[in-house]
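See below for the structure under consideration.
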Amino acid sequence: MRIILASSEVVPYSKTGGLADVAGALPKALSRIGCDAAVITPKYTGMGKRHGDVVSHETGELLFSDLRVPFADGVRYAAVWRDYLDGVPVYFIDNAEYFGHGYIYGSGNFDVERFAFFSRAVLELCKRIGGPPDILHCNDWQTGLIPAYLASAYAGDPFYWRTATFFTIHNLAYQGHFDPNLLPKFGFGWDSYQYGMEFHGSASAMKAGLYFSTAISTVSPKYAEEIQTPEFGNNLDGLLRWRRGDLIGILNGVDYHEWNPETDKYLAANYSINDFSGKYFCKKALLENYHLPVDLDKPVVAIVSRLTVQKGIELIAQAIWKILDTGAYFVILGSGGESYENFFQHVRDTRPQQVGVYFGYNNALAHQVEAGADMFLMPSAYEPCGLNQMYSLKYGTIPIVRGVGGLDDSIQGFERTTEQGNGFKFYEYSSDRLAEKYYESLLTYYDRALLNRIRRNGMSTDYSWDRAAHNYLDAYRRVLAAKL
Ligand code: ADP
Ligand code: GLC
């Protein structure tokens with residue numbers, strides 16, 4: 001089966017969040033189980049230093065520089081680069097007008113224009129790099145216009161007659177709204193707008209993806225249910241209920257080549273489920289790294305996160321003094337969100353012996369925090385999947401999560417009596433509930449036998465991409481069977 005995945009960010013080339021991890025890992029996993037997979041993504045250039053954006057300039061060889069893209073009342077050109085990720089070709093669309101501004105995401109109409117161009121370029125590029133894809137796998141609003149183009153400008157194109165589009169929602173809250181007057185510039189007629197993109201007087205690239213794609217998925221079964229409700233549906237729940245027969249939730253995987261304490265090259269010491277001793281070296285190194293006194297008996301409570309409302313940082317801010325009053329350390333690695341930064345800097349200044357802060361993006365430190373921490377907080381307001389709680393499990397770090405989206409699917413509450421479960425979980429969006437679960441985790445932390453038990457339960461939980469890739473392949477097959 002030929003699968004082409006289009007994504008605005010792909011590890012190790014570009015990243016602002018988990019989408020990049022998925023777009024880097026899923027194609028490799030699909031290729032391992034026999035699919036003919038390829039990836040298409042923009043080539044970002046002109047990068048300065050900007051919060052949360054990570055871009056590598058290693059994008060392989062220049063393949064050609066004359067990709068014709070019919071766009072904006074004429075023809076634009078892009079160069080195309082190709083690199084390989086474990087044998088999977090990754091193609092880069094290079095156009096300085098759209099992707100040479102030194103950032104991955106901007107804002108407003110121009111941002112949608114950039115990704116409208118990218119979407120159109122993807123469809124033109126597919127024709128030059130082999131046979132038609134069976135599945136064009138699109139991700140989030142940045143690629144939402146691909147199914148819309150296929151349903152309009154490419155409707156009679158024989159190259160695409162058997163191609164199905166598979167649209168994955170990683171985050172429904174970001175929707176790519178734009179001024180409908182731009183539709184002719186992007187190459188759409190008013191009918192595409194009226195019957196698919198219109199969203200309260202604006203046009204929406206996310207809605208286009210949801211409306212025009214052959215099938216829809218999201219990154220956990222629970223989020224697939226939640227987004228059909230007004231609470232989590234971001235005003236698209238009606239459309240999602242209408243399409244519920246074509247909607248499936250597949251939990252993301254973890255790239256265990258990258259995230260494995262046995263082999264992780266960023267750690268002070270490696271360790272495994274059979275011998276945790278290296279974890280104490282990691283804890284010591286982490287405390288030193290954050291310029292904190294080293295007392296290995298005290299628990300280290302951590303977060304690694306974009307500092308946004310989505311991540312429930314509010315609840316941590318409210319519970320933080322209670323957590324610190326138990327004598328624990330608290331370390332944060334956070335990017336974005338200036339007011340949150342100021343708050344946690346204030347906490348650090350108040351309790352300099354207990355609190356360590358690092359603001360910005362730092363991949364090596366993200367690994368070191370996962371390894372050196374004892375508890376990991378993820379009290380998200382909503383969470384399509386979430387990857388850090390799964391990394392925590394693998395690193396023997398106890399996740400304390402709110403039971404939303406993928407957090408509910410991946411974390412099972414630990415029961416002291418049965419010793420089953422891999423973390424702690426609460427449901428109500430409340431800092432008191434978070435604090436309660438933290439206190440419960442503390443009882444487990446101070447009981448060596450229980451601590452070893454919960455760590456083993458976590459470390460033996462398997463969220464590998466191989467499992468997820470099989471689920472995607474089954475879904476692709478069902479979509480193709482239904483289409484033909
Ligand atoms: P989201 O995509 O919503 O931010 P995920 O949990 O799916 O959340 O993925 C976040 C990814 O970004 C993880 O790989 C995590 O380790 C990484 N990450 C988040 N913040 C930082 C940071 N400040 N520094 C380094 N890595 C980070
Ligand atoms: C989004 C979501 C996150 C998910 C990631 C990858 O960024 O916020 O929950 O894990 O996409 O699918």
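We count ligands from 1, going down the list as the structure has it; atoms in each ligand are counted the same way.
- Of all the atoms in ligand 1, the ones that sit under 4.0 Å from a non-hydrogen atom of Q310 are 3 (O).
- Taking any N or O of L19, backbone or side chain, none lies under 3.5 Å from an N or O belonging to ligand 1.
- Near S305, meaning under 4.0 Å from one of its heavy atoms, ligand 1 places the atoms 20 (N).
- Those atoms of ligand 1 with a heavy atom of R306 less than 4.0 angstrom away are 1 (P), 3 (O), 4 (O), 20 (N).
- Not close to ligand 1: H170, with no non-hydrogen atom less than 4.0 angstrom away.
- F92 pairs in a ring pair (Phe, Tyr, Trp, His ring centres under 6.0 Å) with only one of the listed residues (Y13, W81, Y44), which is Y13.
- Contact atoms of ligand 1 toward D21: 11 (C), 13 (C), 14 (O) (distance under 4.0 Å to a heavy atom of the residue).
- Remark: E231 pairs with no residue by the salt bridge (Lys or Arg N to Asp or Glu O under 4.0 Å) rule, at least two apart or across chains.
- Taking a 4.0 Å cut-off on heavy atoms, G386 registers as neighbouring ligand 1.
- Contact residues for ligand 2 (protein heavy atom closer than 4.0 angstrom to any ligand atom): G18, L19, V22, H170, N171, V219, N252, Q310, E383, P384, C385, G386.
- In the candidate list T308, N388, N362, N362 is nearest to atom 25 (C) of ligand 1, counting heavy atoms.
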| said: Could you walk me through whether Y271 and F276 satisfy the ring-ring contact (aromatic ring centres under 6.0 Å, His included) test, starting with their C-alpha distance in whole Å, then the side-chain angles of each, then the deciding distance to 0.1 Å, before giving a yes or no? | reply: CA-CA 5 Å; Y271 57 95; F276 301 141; 7.4 Å; no
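- Heavy atoms of K311 found under 4.0 angstrom from ligand 1 belong exclusively to the side chain.
- For residues 372-411, the ring pair (Phe, Tyr, Trp, His ring centres under 6.0 Å) pairs, not counting sequence neighbours, are W259-Y391.
- Taking each of Y391, Y361, Y382, F359 in turn, the one with a heavy atom nearest to atom 26 (N) of ligand 1 proves to be Y361.
- At least one donor-acceptor pair under 3.5 Å links the side chain of R243 to the backbone N or O of L210.
- Applying the side chain to side chain donor-acceptor pair (under 3.5 Å) definition to pairs two or more places apart or across chains, those involving residues 204-215 are T165-T214.
- Note on ligand 1: G360 sits in its first shell, one or more heavy atoms being nearer than 4.0 Å.
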